[in-house]
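Structure first, then comments.
Counting begins at 1 with the first residue of the sequence.
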Amino acid sequence: MWRRLAGKPGGRRLFSAAVCLRVPYFGTVLPTVRDLRPGHCTVSAPKWWGVHNHLGTFHAIAACNLAELAMGMLAEATVPPTHRWIPKGMTVSYVAKARTRLTAVADLPEPPEFGADGTDVEVPVTVSDAHGVPVVTGTIVIRVTPKPGR
């Protein structure tokens with residue numbers, strides 16, 4: 001779907017809306033998928049009152065939601081159709097206040113081989129503000145296993 005829509009006017013927003021229909025909680029950050037390919041995903045979200053914390057900055061957990069979306073889209077683009085994935089854990093550091101819109105980048109330059117045995121994959125994610133300053137850094141571990149019957 002990404003390949004068909006990304007280059008068309010409004011295609012990225014339409015794709016992002018479809019993602020939010022499939023996984024409604026991601027819609028809370030109003031995400032837009034900017035780039036998606038095997039081993040990489042970039043997703044952005046505006047700073048709006050629905051993601052504010054008591055300080056008026058982008059809430060830490062909303063930023064984590066954006067990071068998980070970037071990881072999930074990367075996993076969908078990277079894990080072969082013969083396999084399935086599920087998040088196992090997430091480790092994050094809040095390194096700066098998020099005063100602007102945010103962009104999450106999940107990058108896995110060397111995806112592992114996905115064989116008959118399950119494997120844990122560590123996906124690094126960086127969430128940065130509009131000035132390119134990292135505000136959240138983290139690693140999300142996913143478990144990748146063959147689909148049943150394969």
Side-chain angles (χ1 to χ4, degrees), residues 1-112 114 120-145 147:
M1 182 188 294
W2 172 256
R3 280 183 250 127
R4 284 191 316 239
L5 294 175
K8 297 188 180 344
R12 291 178 180 175
R13 289 201 184 271
L14 182 60
F15 177 84
S16 301
V19 168
C20 293
L21 284 174
R22 178 95 166 107
V23 188
Y25 186 70
F26 288 142
T28 62
V29 295
L30 305 177
T32 300
V33 178
R34 301 285 178 195
D35 187 21
L36 178 61
R37 60 185 183 275
H40 180 85
C41 182
T42 302
V43 183
S44 65
K47 183 174 172 271
W48 67 289
W49 67 268
V51 296
H52 284 181
N53 60 19
H54 64 289
L55 301 173
T57 60
F58 211 105
H59 193 283
I61 298 304
C64 288
N65 192 16
L66 188 64
E68 188 175 0
L69 174 56
M71 174 283 304
M73 291 290 90
L74 174 145
E76 286 295 314
T78 306
V79 173
T82 55
H83 287 66
R84 62 186 180 177
W85 63 272
I86 189 164
K88 280 183 67 176
M90 180 179 201
T91 305
V92 296
S93 295
Y94 306 116
V95 296
K97 287 183 183 175
R99 302 179 199 276
T100 68
R101 65 180 165 78
L102 298 181
T103 299
V105 176
D107 208 14
L108 192 61
E110 303 266 339
F114 300 108
D120 288 348
V121 179
E122 293 185 358
V123 180
V125 183
T126 301
V127 181
S128 302
D129 69 11
H131 309 291
V133 176
V135 297
V136 175
T137 58
T139 301
I140 302 173
V141 178
I142 60 173
R143 180 73 178 163
V144 180
T145 58
K147 288 183 178 175

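Taken to the nearest 0.5 Å, the CG atom of Leu66 stands 11.5 Å off from the CZ atom of Arg101. For the atom pair CD1 (Ile140) and CD (Glu68), the distance works out to 5.5 Å, reported to the nearest 0.5 Å. Note that the OG1 atom of Thr28 and the CG atom of Leu69 stand 10.0 Å from one another [nearest 0.5 Å]. Interatomic distance, CG of Asp35 versus CE of Met73, reported as 13.0 Å (0.5 Å rounding).
When all heavy atoms are compared, the tightest approach of Leu30 to Pro46 is O-CD, 3.3 Å. What you find for Val79 and Arg84 is that their closest heavy atoms are CG1-N, 4.3 Å. Nearest approach of Glu122 to Leu108, heavy atoms of both residues: O-CD1, 3.5 Å. The heavy-atom pair separating Cys64 from Met90 by the smallest distance is O-CE, 3.5 Å. Here the shortest heavy-atom pairing between Ile142 and Trp85 reads CG2-CE3, 4.0 Å. Closest of all the heavy-atom pairs between Leu74 and Thr78 is O-OG1, 2.7 Å.
The main-chain N or O of Ile61 is found under 3.5 Å from a side-chain atom of His59 such that the two form a donor-acceptor pair. A donor-acceptor contact shorter than 3.5 Å links the side chain of Ser16 to the backbone of Val33.
Using modelled atom types and a 3.5 Å distance limit, the side chains of Arg34 and Ser44 yield a donor-acceptor pair.
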Are Val121 and Phe114 close enough, and set up right, to give a side-chain contact (heavy atoms from CB on, under 4.5 Å), and what steps lead you there?
CA-CA 10 Å; Val121 179; Phe114 300 108; 4.1 Å; yes

side-chain contact (heavy atoms from CB on, under 4.5 Å) between His131 and Thr100: does it pass, once the steps are laid out?
CA-CA 8 Å; His131 309 291; Thr100 68; 4.0 Å; yes

Take Val141 and Arg143 through the side-chain contact (heavy atoms from CB on, under 4.5 Å) test and state the conclusion after the steps.
CA-CA 7 Å; Val141 178; Arg143 180 73 178 163; over 6 Å; no

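Within a 6.0 Å sphere centred on CG of Leu21, heavy atoms belonging to other residues, nucleotides or ligands number more than 12. Atom CZ of Arg13 has 12 or fewer heavy atoms from other residues, nucleotides or ligands within 6.0 Å.
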